[in-house]
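Quick notes on the structure that follows.
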Amino acid sequence: IVDEVLSVGDERFQKKSKEGILKLIKGGITTVFVSHNLKDIEEICNRALWLHHGQVVEEGEPEMVTRRYRKEMNQNG
């Protein structure tokens with residue numbers, strides 16, 4: 001489980017962390033990546049799960065889930 005690791009540290013640390021996560025995934029390691037950074041979710045994940053108050057709102061391809069999330073946040077924000 002990787003929880004918001006890319007939101008801390010400088011750019012070099014973030015890049016190194018992202019590379020490490022991608023290496024794990026390419027090696028066949030199941031990884032749960034927890035983040036509010038939609039760009040990272042789209043780049044790293046092959047599935048996305050949007051939760052709101054512990055309830056599943058959307059599950060599927062990262063681009064589809066983040067697109068719906070952005071739309072919802074723009075309507076309610």
Side-chain angles (χ1 to χ4, degrees):
I1 297 177
V2 182
D3 187 0
E4 295 286 357
V5 70
L6 300 179
S7 65
V8 298
D10 60 15
E11 189 174 319
R12 192 168 125 197
F13 173 81
Q14 291 175 5
K15 182 179 182 214
K16 187 174 180 179
S17 296
K18 187 183 285 189
E19 289 169 353
I21 294 166
L22 291 170
K23 187 175 179 180
L24 289 173
I25 293 168
K26 288 178 184 174
I29 303 296
T30 300
T31 307
V32 177
F33 180 71
V34 181
S35 182
H36 290 93
N37 186 316
L38 303 181
K39 182 180 175 201
D40 284 341
I41 292 169
E42 292 170 351
E43 290 177 2
I44 293 172
C45 302
N46 55 27
R47 300 286 296 164
L49 181 67
W50 169 16
L51 299 173
H52 182 71
H53 295 292
Q55 300 296 314
V56 176
V57 176
E58 187 79 37
E59 177 186 3
E61 297 294 322
E63 291 79 11
M64 179 190 73
V65 175
T66 57
R67 183 174 36 250
R68 180 157 180 235
Y69 177 83
R70 284 182 180 104
K71 183 178 178 183
E72 184 76 20
M73 292 304 110
N74 287 333
Q75 288 176 352
N76 296 323

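Atom set for the values below is all heavy atoms of this structure, side chains included, hydrogens, waters and symmetry mates excluded.
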Notebook entry, point to check: Looking only at heavy atoms, which two atoms of Cys45 and Pro62 are closest? And how far apart?
Noted result: O-CG, 3.2 Å
Notebook entry, point to check: What are the two closest heavy atoms between Ile25 and Thr31, and how far apart are they?
Noted result: CG1-OG1, 3.8 Å
Please answer: with hydrophobic residues joined when any side-chain heavy atoms are less than 4.5 Å apart, are [X] and [Y] in the same cluster?
| X | Y | result |
| --- | --- | --- |
| Ile29 | Phe33 | no |
| Tyr69 | Leu51 | no |
| Ile41 | Val57 | yes |
| Leu22 | Leu38 | yes |

Check: Residues two or more places apart in sequence or in another chain: which of them pass side chain to side chain contact (heavy atoms under 4.5 Å, CB included) with Lys39?
Finding: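 In terms of side chain to side chain contact (heavy atoms under 4.5 Å, CB included), with neighbours along the sequence ignored, Lys39 is linked to Asn37, Glu43.
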Check: Residues two or more places apart in sequence or in another chain: which of them pass side chain to side chain contact (heavy atoms under 4.5 Å, CB included) with Arg12?
Finding: Asp10
Check: CG/Asp40 to NZ/Lys18 distance, rounded to the nearest 0.5 angstrom?
Finding: 4.0 Å
Next item on the list: Calculate, to the nearest 0.5 Å, the distance between atoms NZ and CE belonging to Lys71 and Met73 respectively.
Entry: 12.5 Å
Check: Does any pair with a residue in residues 47-56 pass side chain to side chain donor-acceptor pair (under 3.5 Å), and if so which ones, sequence neighbours excluded?
Finding: none
Item checked: Residues forming a side-chain hydrogen bond (donor to acceptor under 3.5 Å, both in side chains) with Arg67, sequence neighbours excluded -> none
Check: Among all residues two or more places apart in sequence or in another chain, which pass the side-chain hydrogen bond (donor to acceptor under 3.5 Å, both in side chains) test with Glu42?
Finding: Thr66, Arg70
Notebook entry, point to check: Can you tell if the side chain of Leu49 reaches within under 4.5 Å of the side chain of Val56, non-hydrogen atoms only?
Noted result: yes
Next item on the list: May I ask you to test the Lys23-Glu19 pair for a side-chain heavy-atom distance under 4.5 Å?
Entry: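 Sidechains of Glu19 and Lys23: no contact.
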Notebook entry, point to check: Among all residues two or more places apart in sequence or in another chain, which pass the salt bridge (Lys or Arg N to Asp or Glu O under 4.0 Å) test with Glu11?
Noted result: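 In terms of salt bridge (Lys or Arg N to Asp or Glu O under 4.0 Å), with neighbours along the sequence ignored, Glu11 is linked to no residue.
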